[in-house]
Amino acid sequence: MAVLVQKYGGTSVGDAEKIRHVAERIAAARRAGNSIAVVVSAMGDTTDRLIELAESISAAPDPRELDVLLSTGELVSCTLVTMALREIGEEAVSMSGAQAGIRTDTAHGSASIVEFDAERVQQALDAGRIVIVAGFQGVTHEMDVTTLGRGGSDTTAVALAAALGAERCEVYTDVDGIYTADPRIVPDARKLSEIGYEEMLELASYGAKMHPRSIELAAWYNTPVLVASSARDVPGTLIHDVASAGADGPEGEGMEVANKVRGVTYERGVARITLRAVPDRPGIAAAVFEPLAESNISVDTIVQNASAERLTDLSFTVDRSDLRAALEVTQGVAGTIGAGECVSHDNLGQVSIVGTGMQNAPGVAAVMFSALAEAGVNIEMITTSQIRITCVVDEAQVNDAVRTLHSAFELGEG
């Protein structure tokens, strides 16, 4: 009997009718002869409402207590889906992250899974039950509840699939696959039938609808992930080990620069911090970024200007939600290293192009920068990897930038 892990996002379990629909889909997969484990997110905007409630009580909620509060959202949907399955005659059992054997580190709000003992889940599957696991959560070895960060239910699902040796992980959501761009911004965006782990990781890290850590896990354990619609029975996108770059690309790829790019993605809510007059000597970068890491603040793009009179400006981006905490840390560091003022800008976004074919296509960057210039989009910062180029731009220009690049690289239908 094949083991499948399914994951349903918050919009898929947003109300009682949708939960019953999800239960029917799960039951159909079980009746087809599969052994089924399911991971669910909190219903609709439950997590946002719980955060608002916490902030109405405390301006800075204690991270440990906030994690306990937020974990309840997934427990609600988890138990309701289980009840719906029982109503239609299926044997099902719900489990919290702790009951399912998920152990994490102690980084409240953005914990990482360090161990997954799926023995209890496997025993329930062996007994013929459908197992419904609450996503987004786990416990430390001290049994403190933790959450995995936004999109963490994706990570729960892939980790569970890997732990069970599942045939694949099926992620059902409000979109029916991975597109060359967000269809809400680019109407002619093209759905990809398949994509490799490496490209998907870059897309996920810069705005596509999958948690980056889930793709890292999928690649590490070579677990195929299908992203499909929970509302419509249409083909989705398979994320797996694609042997050759450019599969599913336009005809006649050859050496054409335009067709070396697989997708355009974006992210809003980016903030920039600039530390002025930083002494240019060994160890300064570590002195700035180690305290940020210790505060669980993720830093993305980093730019250091050329040194003048042994002083330089150092700029980096963080998520806007982390700006206040990042500023406090950076201002403290500035005094200890003898730097100048610390300034910030919180109305930024970023747009990226991704494609393994970019590695041997030197003209890609020129096409990107020229297209943005012609559209009047000013580039604030640039960062790259072997298969990605990301530009930080004004948040108000993100949509224009996405449409411009999607057209410049000829990614649309037809």
Grab the two heavy atoms, one from [X] and one from [Y], that are nearest each other, plus how far apart they are.
X	Y	answer
Q137	G97	OE1-N, 3.3 Å
A161	T223	CB-CG2, 3.9 Å
V158	S214	CG1-O, 3.4 Å
I382	C391	CG1-SG, 4.3 Å
A37	L164	CB-CD1, 4.1 Å

Exercise. Under the 3.5 angstrom rule, does the side chain of D117 hit a backbone N or O of G101 as a donor-acceptor pair?
Worked result: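 No: the side chain of D117 does not pair with the backbone of G101.
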
Exercise. Only one of I195, T356, I178 forms a side chain to side chain contact (heavy atoms under 4.5 Å, CB included) with R262, so which one is it?
Worked result: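 Result for side chain to side chain contact (heavy atoms under 4.5 Å, CB included) with R262: I195.
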
Between [atom1] of [X] and [atom2] of [Y], what distance do you get to the nearest 0.5 Å?
X	Y	atom1	atom2	value
I302	S315	CD1	OG	10.5 Å
M358	F409	CE	CZ	7.0 Å
I51	L66	CD1	CG	6.5 Å

Salt-bridge test for [X] and [Y]: reply yes if a basic N is under 4.0 Å from a carboxylate O, no otherwise.
X	Y	answer
E90	R30	no
D313	R276	yes
R25	D233	no
R103	E115	no
R268	E395	no

Exercise. Should T72 and L50 be marked as a side-chain contact (heavy atoms from CB on, under 4.5 Å) after you check the CA-CA gap, both sets of side-chain angles, and the distance that decides it?
Worked result: CA-CA 9 Å; T72 63; L50 289 173; 3.8 Å; yes

Exercise. According to the interplanar angle, ranging from 0 to 90°, do the rings of Y172 and Y8 count as parallel (below 30°), tilted (30 to 60°) or perpendicular (above 60°)?
Worked result: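 Taking Y8 first and then Y172, their aromatic rings lie parallel (interplane angle under 30°).
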
Problem set entry | Steps toward side-chain contact (heavy atoms from CB on, under 4.5 Å) verdict (T146, T106) | CA-CA 7 Å; T146 55; T106 59; 5.9 Å; no

Exercise. E380 and side chain to side chain donor-acceptor pair (under 3.5 Å): which partner among R272, Q350, H345?
Worked result: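 Per the side chain to side chain donor-acceptor pair (under 3.5 Å) rule, the option paired with E380 is R272, out of R272, Q350, H345.
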
For this session: Could you check N34 against V3 for side-chain contact (heavy atoms from CB on, under 4.5 Å), going step by step and ending with a plain yes or no?
Result: CA-CA 6 Å; N34 299 299; V3 177; over 6 Å; no

Problem set entry | Step-by-step side chain to side chain donor-acceptor pair (under 3.5 Å) determination, S12 to S230 | CA-CA 6 Å; S12 302; S230 61; 2.6 Å; yes

Exercise. How far apart are the C-alpha atoms of K7 and E170, what are their side-chain angles, what is the distance that settles it, and do they pass the salt bridge (Lys or Arg N to Asp or Glu O under 4.0 Å) test?
Worked result: CA-CA 6 Å; K7 180 260 179 177; E170 300 175 344; over 6 Å; no

For this session: Output every pair passing salt bridge (charged side-chain N to carboxylate O under 4.0 Å, His left out) with a member in residues 60-70, not counting sequence neighbours, ordered by first then second residue.
Result: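 Passing the test, one end in residues 60-70: R64-D144.
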
Exercise. Are V133 and V38 side-chain neighbours, meaning at least one heavy-atom pair lies under 4.5 Å?
Worked result: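 Counting from C-beta outward, V133 and V38 never come under 4.5 Å.
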
